[in-house]
Amino acid sequence: MRDAYHEELDSIGEDLVEMARLVGSAIGRATTAMLDADLKLAETVIAADEKVDDLQHDLEARAIALLARQQPVATDLRIVVTSLRMSADLERSGDLAQHVAKLARLRFPESPVPLDLHATLLEMGQLAQRLMAKSAEVIITKDVDLALQLEQDDDEMDLLHRTLFQHLMDDRWKHGIETAVDVTLLGRYYERFADHAVSVAKRVVYLVTGEHADEIQQLETPVEGA
């Protein structure tokens with residue numbers, strides 16, 4: 001019975017990795033669909049989100065069943081509860097990738113992004129994909145140091161997000177209100193996607209250490225004048 005129990009815990013971890021890989025791929029493909037006005041690719045991203053949802057629902061059901069049957073404590077309880085929270089983060093990440101693809105579909109045959117912002121949105125998409133790939137690696141390796149690095153990596157996304165707003169607020173903006181709304185939404189989608197990737201990594205820190213990532217980072221930050 002205990003062997004089957006730990007196999008189930010391992011299986012939940014494997015599903016989390018699969019979800020992270022799927023949503024990482026989705027945000028990359030959605031970015032391409034958006035920038036290239038590729039309707040077919042956008043439709044595949046939209047349809048593929050169902051698999052992420054199915055994985056999340058199955059994982060949730062198995063985790064709840066484990067809680068009911070095994071009544072885990074200590075580390076095992078942290079694994080189950082943290083896995084539930086990570087799966088919710090990953091499911092929402094999939095939704096955000098789908099939102100990007102739906103905007104690409106809505107504006108077809110044009111791209112919702114003006115040419116002078118293509119490079120910035122491409123960079124945001126690539127960064128989002130890298131962050132989620134790191135989160136998948138953190139789930140596999142339980143590497144606390146790598147998990148803590150993700151928040152620093154996310155600073156780059158925040159900077160790109162601010163860059164978008166600088167363009168939108170510039171008096172020389174000439175692309176109209178509809179495009180401004182599209183770009184604002186896209187910036188928010190990528191920022192939130194990155195936040196979920198960071199959240200997943202932080203939850204792994206808690207799973208491994210029993211402490212929250214923010215608390216660990218505060219302890220490691222040198223105090224001025226010390």
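Not measured: the values here are computed from a predicted model.
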Verdict with reasoning, L96 to H196, per side-chain contact (heavy atoms from CB on, under 4.5 Å): CA-CA 10 Å; L96 290 163; H196 284 303; 3.7 Å; yes
Going through the distances and angles, do R130 and D153 end up as a side-chain contact (heavy atoms from CB on, under 4.5 Å)? CA-CA 10 Å; R130 290 198 303 273; D153 295 339; over 6 Å; no
Step by step, would you call I64 with V80 a side-chain contact (heavy atoms from CB on, under 4.5 Å)? CA-CA 8 Å; I64 291 171; V80 176; over 6 Å; no
Begin from the C-alpha positions of E211 and V205 and carry the test side-chain contact (heavy atoms from CB on, under 4.5 Å) through to its verdict. CA-CA 7 Å; E211 297 180 0; V205 172; over 6 Å; no
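Summarising the geometry, atom CZ belonging to R162 is positioned 9.5 Å from atom CD belonging to E191; distances are rounded to the nearest 0.5 Å. Here the straight-line distance linking atom CZ of F193 with atom CD of Q129 works out to 8.0 Å at 0.5 Å rounding. Rounding to the nearest 0.5 Å gives a distance of 11.0 Å between CD1 of I140 and OG of S135. Taking CD1 from I139 and OG1 from T82, the interatomic distance works out to 11.5 Å, rounded to the nearest 0.5 Å. Separating the CZ atom in F165 from the CG atom in L160 is a distance of 13.0 Å, to the nearest 0.5 Å. The OG1 atom of T32 lies 8.5 Å from the CD atom of Q126; values are rounded to the nearest 0.5 Å.
A salt bridge does not link K134 with E137: every distance from a Lys NZ or Arg NE/NH1/NH2 to an Asp or Glu carboxylate oxygen is 4.0 Å or more. Salt-bridge check for D195 with R192: passed, with a basic side-chain N closer than 4.0 Å to an acidic carboxylate O.
Atom NZ of K51 sits in a sparse spot, with 12 or fewer heavy atoms from other residues, nucleotides or ligands closer than 6.0 Å. For L159, the CG atom counts as densely surrounded, since its 6.0 Å shell holds more than 12 non-hydrogen atoms of other residues, nucleotides or ligands.
Closest approach of A42 and A33 over heavy atoms only: N-CB, 3.6 Å. Counting all heavy atoms, side chain and backbone alike, L41 lies closest to D38 at N-OD1, 3.0 Å. Nearest heavy-atom pair, M157 versus A194, reported as atom, atom and distance to 0.1 Å: CG-CB, 3.9 Å. In terms of heavy atoms, P114 sits closest to W173 at CG-CH2, 4.2 Å. The two residues V45 and A97 come nearest to each other via the heavy atoms CG1-O, 4.0 Å. Counting all heavy atoms, side chain and backbone alike, L150 lies closest to A201 at CD2-CB, 3.8 Å.
Identified under the salt bridge (Lys or Arg N to Asp or Glu O under 4.0 Å) test for residues 82-94, with sequence neighbours left out: D89-R203. Here side-chain hydrogen bond (donor to acceptor under 3.5 Å, both in side chains) pairs that include residues 112-122, with residues two or more places apart or in two chains, are D116-H175.
Within the 4.5 Å cutoff, the side chain of D154 has heavy atoms near those of the D158 side chain. Looking only at side-chain heavy atoms (C-beta outward), Y190 and L121 come within less than 4.5 Å of each other. Residues L90 and V52 fail the side-chain proximity criterion, which asks for heavy atoms closer than 4.5 Å. Residues L185 and R188 have side chains not in contact (no heavy-atom distance under 4.5 Å, counting atoms from C-beta outward). Annotation: side chain of V183 is not in contact with side chain of H167 (no heavy-atom distance under 4.5 Å).
Taking Y206 as the reference, H212 meet the ring pair (Phe, Tyr, Trp, His ring centres under 6.0 Å) condition, with sequence neighbours excluded. Listed by chain and number, the residues in a salt bridge (Lys or Arg N to Asp or Glu O under 4.0 Å) with D170 are R172 (sequence neighbours excluded).
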Table please: side-chain donor-acceptor pairs of residues 99-107 below 3.5 Å, with sequence neighbours left out.
from : atom 1 : to   : atom 2 : distance (Å)
H99  : ND1    : D95  : O      : 3.3
R105 : NH1    : E43  : OE1    : 3.2
R107 : NE     : D182 : OD2    : 2.8
R107 : NH2    : D182 : OD1    : 3.2

Return a table of donor-acceptor pairs under 3.5 angstrom between the side chains of residues 10-27 and protein atoms on other chains or two or more places apart.
from : atom 1 : to  : atom 2 : distance (Å)
S11  : OG     : R62 : NH1    : 3.2
D15  : OD2    : R62 : NH2    : 2.1
S25  : OG     : R29 : NE     : 3.2

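Residue V113 forms a side chain to side chain contact (heavy atoms under 4.5 Å, CB included) with just one option from L122, T31, L35, and that option is L35.
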